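This report concerns only the one structure given below.
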Protein chains: 2
Amino acid sequence: MRVSGNGVTIYSVAERAGVSIATVSRVLQDSGVVSERARRQVLEAVEELDYVPSGAARSLAVRQHDTYGLLLPELSGPYYSELLVGFETRAGELGRGVMLLLGGARDLAKPFSTLASRVDAICVFGGLAAHIGRSTRPVVVVAGGAPPGVEAITAENVDSAHELTDHLLAHGRTRLLFVGDTTAAPDVLERYEGFTQAHEDRGLRAAEPVHVEFRERDGIVVAERLLAGDLAADGLVCCNDEVALAIMARLTDAGMDVPDDVAVVGWDDVMTARVRPGLTTVRQPVHQLGALAADRLHELVGGAPPRATRHVLPTELVIRGSCGCEEHADRPRRSHPQTYLSTPPPRK
Amino acid sequence: MRVSGNGVTIYSVAERAGVSIATVSRVLQDSGVVSERARRQVLEAVEELDYVPSGAARSLAVRQHDTYGLLLPELSGPYYSELLVGFETRAGELGRGVMLLLGGARDLAKPFSTLASRVDAICVFGGLAAHIGRSTRPVVVVAGGAPPGVEAITAENVDSAHELTDHLLAHGRTRLLFVGDTTAAPDVLERYEGFTQAHEDRGLRAAEPVHVEFRERDGIVVAERLLAGDLAADGLVCCNDEVALAIMARLTDAGMDVPDDVAVVGWDDVMTARVRPGLTTVRQPVHQLGALAADRLHELVGGAPPRATRHVLPTELVIRGSCGCEEHADRPRRSHPQTYLSTPPPRK
DNA sequence: TTGTAAGCGTTATCAT
DNA sequence: ATGATAACGCTTACAA
């Protein structure tokens, strides 16, 4: 039994149109020269037979899948979605399809190699970089460290964190806590580095990070610990906005004032749930990250050599009220331009 | 130039292992019987050569892509993400890959047929159902109406909307507005139907829907119109939580009280941004929607006949404070079980 | 247990 | 302008 497709092949079409399969292919690929008459007949036959070409056969013949893979750990929150959208959009512009693989809990070994067998190149999210067995296919790692020889694209982290932290310290905050699991993602570790450096630059010593996941509920736990006196701080630098917002909400509910009692800042500039005080945060060019990844895969597949240095995208510090500033214009305050290798700076 | 892959084929492996390609295939597919010795040698050769099989060649040979397609309009907010995760997860469990196509603004005709040529079956999001040209491949439409002969899966809408609306009317609200673009998605239209019916059941006449998009900013516009007196209402039934939350935030900012001045209810039960008052909303089994879609595609590809009736998943009304109720336990109040065709009710 | 060989449905190179 | 025909890399009877 033919389980998929309708059994209509290029042969059926050729026969019906009264031409050879070569002509059918020419018409469909719009390659070579075909008489108007032949073209019409082919198109007609295609229509009548509901012909759907076999992507597999084509890929085999042209030795290219025209598809890029994307490996993400999950899809909660706006971060991954935006990355995915950026990637898919650019891939689409390049005429490439996208195969998605979500990390989740499952063992990725087999799914990953299956993916590798179906695509021309793969974009891997930072935390999952370990899954790249000598992948044979071109790979770029996004938002995280890559093994030697593998290209990496990331948003600037250290400097942004430095500035964000320093901003809090400049507000006179003395007991800052970094909230985020530095072991979970390379990005988070870099942010903690910036956090530490900012302290050191002022002759202070940064506290150990408070390890939590990225999710909202994890923020609540931190808030509870703060309320219980288990944790003490007058400023919180959170690994992302969701955690920051959750903490703010819980703290405010319990009668504490943000930023008076404790300043809270985050990362990502999530546009949802605009709150008061507005959340001071670092805006990342997530969409561009995805788009750039797709671009690079395309170039790598095209034969370009992998880049030796990481490609770092600039971020913007967005000052609102949660850091202790008077809430003013909702605009980015400063940006962190980075070395651009060959790609022009992303534009909004 | 060989642009993709490393040129290592099953032949290279066979040669290196000193066996035939049939044996290599047997080892890799774990089919047929192979001597331990041959197996070891093949595996060794695979390792040494960094062999990555060609998915295309395999698909061509087995006449199956082992991949399902998913067509979504976009990825903003948690709704689509959850749907996607549900779909991808189940597909993964079934050993199938997922190709994603995002609607966006671009013309979908070509991307869609390309997609069709690369997958065994496609899941199409409701609003995009029009893009299914006699697709030849099995298709299921999720969250929306499907052309005759095409299977559809959706969450219950009319009854939920009816109950939600009636709940507001029972609170003594008299000027209810439905906020959402009924022309954009069939789901929204169904909700408006329930909205209308609830009015009619009480001998009232429902107002025309206020057409807005799904996004947050669209909610703000509505709030502005309300504040400006351009719109008058003491209760708002919003097409999703993002719009509802945005409206609530803007209204509250401007000094209005929710729910005293105006009740606001939504749809989706977005867990982010838990606010006060808590948002009364309808919880949809979005993850299951995606998972069920993958399941059905799998069965269709396996030769099962398409279902004639729509497969409707139950929703839960979640009563919190934004409807005017005293804020009590954060639990679903009632559910809308529907006819189950063959799939057991989704469980949390 | 292993190998040979015939597909699978395209593209692309030659002739014609 | 069109048609044979040889790849493309794999799976799978069928033989051995």
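Here is the naming used below: chain letters follow the sequence lines, and residue numbers restart at 1 for every chain. Bear in mind the structure is a predicted one, so any value in this text is a computation, not a measurement. Quick note: numbers below take in every heavy atom, side chains included, and nothing from hydrogens, waters or symmetry partners.
Residue B/Ala38 is in sugar-phosphate contact alone, with no base atom involved, counting any heavy-atom pair closer than 4.0 Å across all strands shown. Heavy atoms of A/Val34 sit under 4.0 angstrom from primed sugar atoms or phosphate atoms, though from no base atom.
Atom CD in A/Gln64 sits roughly 15 Å away from atom C1' in C/dT10 (whole-Å rounding). Spacing between atom CG of A/Asp66 and atom P of D/dC8 amounts to 18 Å, rounded to whole angstrom units.
Checking the phosphate oxygens (OP1, OP2) of C/dG3, a side-chain nitrogen or oxygen of B/Ser20 falls inside 4.0 Å. The phosphate of D/dC8 has neither OP1 nor OP2 within less than 4.0 Å of any side-chain N or O from A/Ser59. For A/Thr9 and C/dC8, the shortest distance from a side-chain N or O to OP1 or OP2 is not below 4.0 Å.
For B/Pro53, taking side-chain heavy atoms from C-beta onward, the closest of the listed nucleotides C/dG3, D/dC10, C/dT10 is D/dC10.
A donor-acceptor contact closer than 3.5 angstrom links the side chains of B/Gln29 and B/Arg58.
For B/Ala57, the side chain to side chain contact (heavy atoms under 4.5 Å, CB included) partners two or more places apart in sequence, or in a different chain, are A/Leu60, B/Ser54. When the side chain to side chain contact (heavy atoms under 4.5 Å, CB included) test is applied to A/Glu47, the partners found at least two apart in sequence or on another chain are B/Arg134. Remark: B/Arg26 engages no residue in a salt bridge (Lys or Arg N to Asp or Glu O under 4.0 Å) (not counting sequence neighbours). For B/Tyr51, there are no ring pair (Phe, Tyr, Trp, His ring centres under 6.0 Å) partners, not counting sequence neighbours. Looking at residues two or more places apart in sequence or on another chain, you find a side chain to side chain contact (heavy atoms under 4.5 Å, CB included) between A/Thr154 and A/Asn157, A/Asp187, A/Arg310, A/Val312. Partners of A/Ile21 by side chain to side chain contact (heavy atoms under 4.5 Å, CB included), not counting sequence neighbours, listed by chain and number: A/Ile10, A/Tyr11, A/Ala14.
The stretch residues 39-50 of chain A has no heavy atom under 4.0 angstrom from DNA chain D at all.
For residues 34-46 of chain B, the pairs satisfying side-chain hydrogen bond (donor to acceptor under 3.5 Å, both in side chains) are B/Asp30-B/Arg39, with sequence neighbours left out. Every pair tested for salt bridge (Lys or Arg N to Asp or Glu O under 4.0 Å) that includes a residue from residues 139-149 of chain B fails, sequence neighbours excluded, so the list is empty.
At distances below 3.5 Å, not a single donor-acceptor pair connects side-chain atoms of B/Glu82 with backbone N or O atoms of B/Val286.
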Give each protein N/O atom lying under 3.5 Å from an N/O atom of nucleotides 11-13 of chain C, with the pair distance.
{"residue": "C/dT11", "atom": "OP1", "partner": "A/Gln29", "partner atom": "NE2", "Å": "2.3"}
{"residue": "C/dT11", "atom": "OP1", "partner": "A/Arg58", "partner atom": "NE", "Å": "3.3"}
{"residue": "C/dT11", "atom": "OP2", "partner": "A/Ser25", "partner atom": "OG", "Å": "2.4"}

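Between its two ends, the helix from C/dT1-D/dA16 to C/dT16-D/dA1 turns its axis by 40°, counting five pairs per end and rounding to 10 degrees.
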Side-chain donor-acceptor contacts of residues 83-99 of chain A below 3.5 Å, not counting sequence neighbours, with atom names and distances?
{"residue": "A/Glu88", "atom": "OE1", "partner": "B/Arg106", "partner atom": "NH2", "Å": "2.4"}
{"residue": "A/Glu88", "atom": "OE2", "partner": "B/Leu102", "partner atom": "N", "Å": "3.2"}
{"residue": "A/Glu88", "atom": "OE2", "partner": "B/Arg106", "partner atom": "NH2", "Å": "3.0"}
{"residue": "A/Thr89", "atom": "OG1", "partner": "A/Val85", "partner atom": "O", "Å": "2.6"}
{"residue": "A/Arg90", "atom": "NE", "partner": "A/Asp295", "partner atom": "OD1", "Å": "2.8"}
{"residue": "A/Arg90", "atom": "NE", "partner": "A/Asp295", "partner atom": "OD2", "Å": "3.1"}
{"residue": "A/Arg90", "atom": "NH1", "partner": "A/Glu93", "partner atom": "OE1", "Å": "2.6"}
{"residue": "A/Arg90", "atom": "NH2", "partner": "A/Asp295", "partner atom": "OD1", "Å": "3.2"}
{"residue": "A/Arg96", "atom": "NH1", "partner": "A/Leu94", "partner atom": "O", "Å": "3.2"}

